[in-house]
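Read through the structure below, which is laid out as structure tokens, and then see the notes.
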Amino acid sequence: MERAMYTLYYAPGSANLVVHLALIETGARYELKKIDIENGEQRTPAYLAINPLGVVPTLIVDGVAHTEAASLAMLLAERHPDARLAPAVGSAQRADYLQWMFYLANNLQSLFRQWFYPGDHLAEGAEAVKEHSRIGIEKGWTFLDRHLAEHGPYLLGDTFTLPDLYALMLMRWARHMPRPATEWPHIAALATRLKARPAWQRMCEEEALVEWA
Ligand SMILES: N[C@@H](CCC(=O)N[C@@H](CS)C(=O)NCC(=O)O)C(=O)O
């Protein structure tokens with residue numbers, strides 16, 4: 001059997017989701033290795049050796065382990081330009097692409113980390129952190145929704161690109177929040193559009209996601 005080009009360490013529905021979708025969209029060969037984060041497998045010495053922060057995802061590229069979901073997805077877009085997940089370097093849309101990737105990774109994804117792990121750095125402050133992140137995430141959806149209303153239907157306009165997949169992962173993470181992302185109409189329309197792509201169905205099957213699938 002031909003060796004897989006990539007190995008993705010994942011936990012169902014976690015930050016690996018955007019990397020998994022990008023792998024499928026590029027048509028690359030890959031294999032999946034599940035990490036049981038509920039039972040702390042991300043903190044075993046074997047896993048810490050490839051991901052010192054003890055989180056998913058990790059992507060093995062040509063035998064070398066790499067981390068950080070946003071950078072992994074961007075790396076895949078770069079290594080598989082035919083998939084057109086990112087506008088070419090020097091093209092008019094490149095700045096918007098970079099801006100959205102960094103906004104989603106720096107701002108929204110960090111707030112989600114706080115929402116899901118509010119006591120990460122200071123257990124006594126957890127409740128305030130949780131409320132802070134909820135407010136920040138809702139402001140983020142309002143910002144995205146307004147942008148989509150004015151410049152959509154995709155984040156970069158008429159063309160589907162990687163930031164859309166990134167946003168889709170974050171939308172799914174908000175499904176049990178007091179105000180799910182799909183309460184914002186243009187975001188809901190984007191989710192419907194993206195979930196109709198075959199990559200979404202395949203990702204849900206491979207990660208065994210049944211909720212918000
Ligand atoms: N900045 C990292 C964050 C990854 C992250 O927070 N992953 C979560 C799941 S979504 C995780 O592994 N949680 C288990 C833990 O922190 O113990 C990335 O984007 O790859």
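First listed ligand is number 1; within each ligand, the first listed atom is number 1.
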**Item:** Which residues share a salt bridge (charged side-chain N to carboxylate O under 4.0 Å, His left out) with R84, sequence neighbours left out
**Value:** none

For ligand 1, list every N/O pair with the protein closer than 3.5 Å, one pair per line with the distance.
{"from": "ligand 1", "atom 1": "1 (N)", "to": "E68", "atom 2": "OE1", "distance (Å)": "2.7"}
{"from": "ligand 1", "atom 1": "1 (N)", "to": "E68", "atom 2": "OE2", "distance (Å)": "3.4"}
{"from": "ligand 1", "atom 1": "6 (O)", "to": "R113", "atom 2": "NH1", "distance (Å)": "2.7"}
{"from": "ligand 1", "atom 1": "7 (N)", "to": "V56", "atom 2": "O", "distance (Å)": "3.0"}
{"from": "ligand 1", "atom 1": "12 (O)", "to": "V56", "atom 2": "N", "distance (Å)": "2.9"}
{"from": "ligand 1", "atom 1": "13 (N)", "to": "Y117", "atom 2": "OH", "distance (Å)": "2.7"}
{"from": "ligand 1", "atom 1": "16 (O)", "to": "R113", "atom 2": "NH1", "distance (Å)": "3.1"}
{"from": "ligand 1", "atom 1": "16 (O)", "to": "R113", "atom 2": "NH2", "distance (Å)": "3.1"}
{"from": "ligand 1", "atom 1": "17 (O)", "to": "Q42", "atom 2": "NE2", "distance (Å)": "2.7"}
{"from": "ligand 1", "atom 1": "17 (O)", "to": "R43", "atom 2": "NH1", "distance (Å)": "3.3"}
{"from": "ligand 1", "atom 1": "19 (O)", "to": "A69", "atom 2": "N", "distance (Å)": "3.3"}
{"from": "ligand 1", "atom 1": "19 (O)", "to": "Q109", "atom 2": "NE2", "distance (Å)": "2.8"}
{"from": "ligand 1", "atom 1": "20 (O)", "to": "A69", "atom 2": "N", "distance (Å)": "2.9"}

**Request:** Sequence neighbours left out, what passes ring-ring contact (aromatic ring centres under 6.0 Å, His included) with H147? Give chain and number order.
**Result:** W100, H151

**Item:** Flag, side chain of Q42 to backbone of V55, donor-acceptor distance under 3.5 Å
**Value:** no

**Asked** Is the side chain of D145 donor-acceptor paired with the backbone N or O of I187 at a distance under 3.5 Å, no angle test?
**Response** yes

**Request:** Check the angle between the aromatic planes of W141 and W184 and answer parallel, tilted or perpendicular using the 30° and 60° thresholds.
**Result:** tilted

**Prompt:** By ring-ring contact (aromatic ring centres under 6.0 Å, His included), which residues pair with H80, not counting sequence neighbours?
**Reply:** Y6

